[in-house]
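Accompanying notes for the structure given below.
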There are 2 protein chains.
Amino acid sequence: MANIKDIAKHLGISVSTVSRAMNDHPDVSEETKSNVMQAVRALNYRPNALAKGLIQKKTFTIGLMIPDIADPFFSELGDAVESKLFEHGYQVIYGNTKRNPAKEKQFLMTAMERQYDGLILTPDHLDEEFVDLLTNLPMPAVFLRRRTPPGLSMPFIDVDHHRAALDAMDHLIGLGHRHIGFIGMPDNSFIGNERLRGYRERMELSRLPCDPTHVETGGRSIRDGREAMERLYARHSELTAVFAANDLLGIGALEWLARRQIPVPQRVSVIGFDNLNLAELHWIQLTTMEQPRPRMGSRAAELLLRMMEDKALNPEPELFDTKLIIRGSCASASGNA
Amino acid sequence: MANIKDIAKHLGISVSTVSRAMNDHPDVSEETKSNVMQAVRALNYRPNALAKGLIQKKTFTIGLMIPDIADPFFSELGDAVESKLFEHGYQVIYGNTKRNPAKEKQFLMTAMERQYDGLILTPDHLDEEFVDLLTNLPMPAVFLRRRTPPGLSMPFIDVDHHRAALDAMDHLIGLGHRHIGFIGMPDNSFIGNERLRGYRERMELSRLPCDPTHVETGGRSIRDGREAMERLYARHSELTAVFAANDLLGIGALEWLARRQIPVPQRVSVIGFDNLNLAELHWIQLTTMEQPRPRMGSRAAELLLRMMEDKALNPEPELFDTKLIIRGSCASASGNA
DNA sequence: CTGAAAGCGCTTACAG
DNA sequence: CTGAAAGCGCTTACAG
């Protein structure tokens, strides 16, 4: 491809002038500028971003580490991040980690080597090595839908999962349910544990049974939800409600109940968490706790933008409110056994 | 961050030696290598990929242009591309175009400026300007789930949409259906039109009615499918089957039918296209034409890998076979009016 | 086995 | 308004 020298030679001027014209520098004559533009078209010239980045120490690139790009929750969050950043001229590089610790670390290394200007992180494995890498991070970063690990100081954007779980449980208990099961995420998930903590607290407060046999954890997918529901029901057929720690698990629970012809919500109510688009499908109509994904993604991008502008800045973490979305999957427990 | 000079100074050796040690060059002593490794750890040194790329003319970066990262069809395709390329040391940069013509072009410009080593493309707008950009592309490219526009010579990976539509129609007609509607994509979609062409050909071959009132096009989403089904049914309540050009449209059709309590498949059969994971949900059980996404994505990556190795290579396009997946949404038309 | 030097393609003070 | 020169952080012949 043509380079800046070719343009300079073509026009018989210096590369400095070409460079200034390309960047629309104020003190280069209009005539020169238009000559340069013409030559650029003629020679199909595109400035080399590597050279530019090397010297300017700015790549207009930000890394977005995401557990799973195919998970609708994260692809929507990513969309929000990307469109905000795009407005400001940044390109976002998705790091689709698949929740693989090695990939998470590798993404960080790559980000450093490729001189990204900033990072938005949703890691799943905050082990020592990972935190170590973060300690020496040369660019600003913000955690999204995750909390900042102890010892680090970057801001985070999240919802209060515990508070939201309390709200979900209040809804169920307010409906008169006494026998409530919990379907949760893997035990190492902070988020899953916060939601579980909310479940336990409310159950205990109301002196309702919530021993470990009422809890099934370990998954995130529809299939996991199906299997968890099956096990839960085998142990406790007296259950009239289930709190699923995310919508996918909730949908799986609904699926198992439907297969078994156990009527929802008449016999069993199900509440989810996330408010995926899927949750409003006609057959699903899942009552759930909505997390404001667009606002969260866009806010994380804003914080990062500010931090890149002023490296000394260290914004406060922010917790967003969740919202109960009532659909058809929960009903009053009164009609039940 | 520390650079190569810092390491050299720290050890009292030259940058050339450091460079060679970093790249595990055969003729540098083991002792020097281990010294360098130590210094690298001590100073937290990471080589600058911009400088490296600038000089080596290789960035180990490939661009993947995708219409919508949140569309499960494409996120799975992307996964396959990414994991194949990752094995070979490449990072993939997602270009989430949202089917926006400006974004598609911009992604191409970015790819050129940032010196990507190759491109995998799923564009939606093949206008003149776009084709022009492609003509002067300095790196190899392959089209995925798209055909190469006339005048260009890069290979493509796709399925034979027309052939697959024929197969889908054969299934419906074989089941005894005579009144079949079509729910399709926007009129400018090549893929949508190929599928529509298959529908028409088979209908005409069997002398079945397929005038424009039997066809509703213009969308891709569940919601579009719902609305199309409504319009189709309003005009032709005698329909006993519908061919939806993708699963999302098919699911929308199913949703509308369910809301109206029109039994599927007893009263109306629905066939889709894609075989999304969603299609096997208990309530949906959509019969559909499967496209082998993992194989297609991985094959596109393979072709690109080869083309990057040997720039003179120009592999042949490849068409993959689709497969009919029979679930519960289609039944024999015999019981119908 | 190691080092000095040139160069990748840009930008940016500095001088005029 | 324009140009010559230095430099960003690397790699790679070339010479020893």
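So you know, we letter chains A, B, ... as the sequences are listed, proteins then strands, and number each from 1.
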Judged by each residue's nearest nucleotide on DNA chain C, which is more toward the 5′ side, A:Ile4 or B:Thr32? B:Thr32

So which atom in [X] and which in [Y] form the shortest heavy-atom distance, rounded to 0.1 Å?
X	Y	answer
B:Gly297	B:Leu144	CA-CD2, 4.3 Å
B:Lys33	B:Pro26	NZ-O, 4.5 Å
A:Glu113	A:Gln115	O-OE1, 3.0 Å
A:Tyr94	A:Asp79	OH-N, 4.0 Å

Determine whether more than 12 heavy atoms belonging to other residues, nucleotides or ligands lie under 6.0 Å from atom NZ of B:Lys58. yes

Using a 6.0 Å cut-off, check whether atom CD of B:Glu129 has over 12 heavy atoms from anything other than its own residue. no

Can you list the residues that meet the side chain to side chain donor-acceptor pair (under 3.5 Å) rule with B:Arg146, with sequence neighbours excluded? B:Asp124

Going from [atom1] on [X] to [atom2] on [Y], what distance comes out if it is rounded to the nearest 0.5 angstrom?
X	Y	atom1	atom2	value
A:Thr135	A:Phe130	OG1	CZ	10.5 Å
B:Ile7	B:Ser19	CD1	OG	12.0 Å
A:Gln56	A:Lys52	CD	NZ	6.0 Å
B:Arg147	B:Asp158	CZ	CG	4.5 Å
A:Glu104	A:Thr122	CD	OG1	9.5 Å

Strand-adjacent residues in residues 6-28 of chain A, judged by heavy atoms under 4.0 Å from DNA chain D: A:Ile13, A:Ser14, A:Ser16, A:Thr17, A:Arg20, A:Asp27, A:Val28

Tell me which residues in residues 106-114 of chain A put a heavy atom below 4.0 Å from DNA chain D, sorted by number, or none. none

Given B:Ile62, which of B:Leu119, B:Leu304, B:Leu305 fulfils the side-chain contact (heavy atoms from CB on, under 4.5 Å) condition? B:Leu304

Does A:Lys103 count as lying over the ring of A:Phe107, i.e. NZ or CZ under 6.0 Å from the six-ring centre, within 45 degrees of the axis? no

What stems show up for DNA chain D when you take Watson-Crick pairs (N1-N3 plus N6-O4 or O6-N4) and G-U wobbles (N1-O2, O6-N3), both under 3.5 Å, and require three or more consecutive pairs? C:1-3 with D:14-16, C:5-12 with D:5-12, C:14-16 with D:1-3

Heavy-atom contacts under 4.0 Å between residues 33-46 of chain B and DNA chain C, which residues? none

Can a donor-acceptor pair be found between the side chains of A:Thr61 and B:Arg114 at a distance below 3.5 Å? yes

Between which nucleotides of DNA chain D, 5' to 3', does chain B make heavy-atom contacts below 4.0 Å? D:dG9 to D:dA13

